[in-house]
Amino acid sequence: MRPSPPPLLPQMELGLTDTRPSRVTLSPGAVLLRGFALPESTELLDAILHLTALSPFRTMQTPGGGRMSVAMSNCGPLGWVTDRSGYRYTPTDPETLAAWPDMPPAWHALAARAAKAAGFDNFSPNACLINRYEPHTRMALHQDKDEGDFSQPIVSVSLGLPIAFLWGGLKRSTAPHSILLEHGDVLVWGGKARLHYHGVKPLADGIHPLTGRARFNLTFRFVAPRS
DNA sequence: AAGTATCT
DNA sequence: TAAT
């Protein structure tokens, strides 16, 4: 039997027209895993709705008296908060006065799998910041440095509308590179990259089939227990 | 301060 | 570009 000839443009017949690499290194220790969370993205969005029914999204105050444009909540043993007195991790939601909702086991497992795929074994996050971006909201360049222990990586899961992510260096003066983060992408940074500055440009308006006019971001961290 | 204003 |  003569084998049938390969189809022309097989990637189009499969609907796989995106030829970008699935794995991108931004700098040593920073790896973008494109589409890593796609298979469970609808479950992640369902869980976000459930968790934020318990600890609702809110915009937090910055120490200078400003207010963040991105709405936040948390799950897990510790949650990141900011108010006039500063940045810190707390075991309870200052709005509800109750413990932050439990981190879903599937979330912990996803974060650990992504970290391992990026070269960081044994990641065990005890904090997950849940961010909701609406059109025009942004996050200025900053370092994640409130965790007390920088031996474990940061794992960031993007859902919904795409956004331009800014990846800087160890000093604020280093000009950041911009890279598009899309639904299902997971970005992991640790080791030499753990304290790199990062942020996002203002969210461009749009409609995502699963989230509408919004982007959600899950940021997993290990926070050292306070003495 | 993960914001903003004000400086160059 | 500082600075907290």
Side-chain angles (χ1 to χ4, degrees), chain A residues 26-27 29-30 32 48 51-52 55-95 100 103 111 125-150 152-181 185-190 192-205 214-224 226:
Chain A
L26 304 185
S27 74
L32 170 58
I48 290 171
L51 294 167
T52 57
S55 270
F57 283 114
R58 83 294 305 265
T59 59
M60 298 181 186
Q61 286 187 314
T62 52
R67 186 167 285 272
M68 302 191 70
S69 60
V70 176
M72 298 176 162
S73 186
N74 289 279
C75 67
L78 293 169
W80 186 85
V81 299
T82 173
D83 61 19
R84 255 159 297 202
S85 62
Y87 301 156
R88 62 198 176 281
Y89 284 88
T90 65
T92 56
D93 180 344
E95 294 292 321
W100 296 107
M103 187 186 302
N126 60 357
C128 178
L129 179 60
I130 307 170
N131 291 154
R132 184 188 65 202
Y133 291 79
E134 290 178 331
H136 314 306
T137 66
R138 52 163 286 150
M139 182 124 9
L141 218 57
H142 68 279
Q143 295 171 298
D144 290 18
K145 59 179 184 183
D146 304 313
E147 293 74 30
D149 181 337
F150 307 125
Q152 297 205 35
I154 304 284
V155 173
S156 170
V157 178
S158 293
L159 297 165
L161 287 176
I163 203 164
F165 180 79
L166 299 169
W167 182 246
L170 289 173
K171 297 183 302 181
R172 172 160 271 157
S173 54
T174 301
H177 295 281
S178 180
I179 186 164
L180 194 68
L181 297 183
D185 288 353
V186 179
L187 182 58
V188 181
W189 66 95
K192 297 176 58 170
R194 176 60 180 75
L195 289 171
H196 275 228
Y197 279 89
H198 57 281
V200 296
K201 290 183 180 173
L203 184 72
D205 203 349
R215 169 185 187 255
F216 296 93
N217 171 252
L218 309 176
T219 306
F220 296 90
R221 293 133 178 193
F222 173 74
V223 181
R226 287 239 288 166

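Here is the naming used below: chain letters follow the sequence lines, and residue numbers restart at 1 for every chain.
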#### Entry: Whole-Å gap separating P (B:dT4) and CE (A:Met139)
12 Å
### Task
Find the distance A:Met72:CE to B:dA2:P and express it as a whole number of Å.
11 Å
#### Entry: Value in whole Å for how far the P atom of B:dA2 lies from CG of A:Asp144
11 Å
### Length of the CE-C1' vector between A:Met68 and B:dA2, whole Å
4 Å
### Query
Taking the six-membered ring of A:Phe150, is NZ or CZ of A:Arg194 closer than 6.0 Å to its centre and within 45° of its axis?
no
### Query
So what does A:Asp146 hit on the nucleic acid, given a heavy-atom distance under 4.0 Å: a base, only sugar-phosphate, or nothing?
base
Donor-acceptor contacts, no H, no angles, side chain residues 63-78 of chain A, under 3.5 Å, sequence neighbours left out:
unit_1	atom_1	unit_2	atom_2	d
A:Arg67	NH1	A:Thr59	O	2.6
A:Arg67	NH1	A:Thr59	OG1	3.3
A:Ser69	OG	A:Arg138	N	3.1
A:Ser69	OG	A:Arg138	O	3.2
A:Ser73	OG	A:Ser55	O	2.6
A:Asn74	OD1	A:Trp80	N	3.0
A:Asn74	ND2	A:Trp80	O	3.0

#### Entry: Between CG on residue A:Leu129 and OH on residue A:Tyr89, distance to nearest 0.5 Å
7.0 Å
### Task
Give a yes or no answer on whether the side chain of A:Arg58 reaches the backbone of A:Pro56 with a donor-acceptor pair at less than 3.5 Å.
yes
Taking only N/O atoms, report every protein-nucleotides 1-4 of chain C pair under 3.5 Å with atom names and distance.
unit_1	atom_1	unit_2	atom_2	d
C:dA3	N6	A:Arg172	NH1	2.9

#### Entry: Rounded distance (Å) that lies between atom P of B:dA2 and atom CD1 of A:Ile130
22 Å
Could you tabulate the donor-acceptor pairs under 3.5 Å formed by side-chain atoms of residues 157-173 of chain A, not counting sequence neighbours?
unit_1	atom_1	unit_2	atom_2	d
A:Ser158	OG	A:Arg215	NH2	2.8
A:Trp167	NE1	A:Ser27	OG	3.2
A:Arg172	NH2	A:Leu141	O	2.6

### Query
Around atom NE2 of A:His177, are there more than 12 heavy atoms of other residues, nucleotides or ligands at under 6.0 Å?
no
### Query
Touch check for A:Thr62, heavy atoms < 4.0 angstrom, all strands: base, sugar-phosphate only, or nothing?
sugar-phosphate
#### Entry: Interatomic distance where CG belongs to A:Leu195 and P belongs to B:dA2 [whole Å]
14 Å
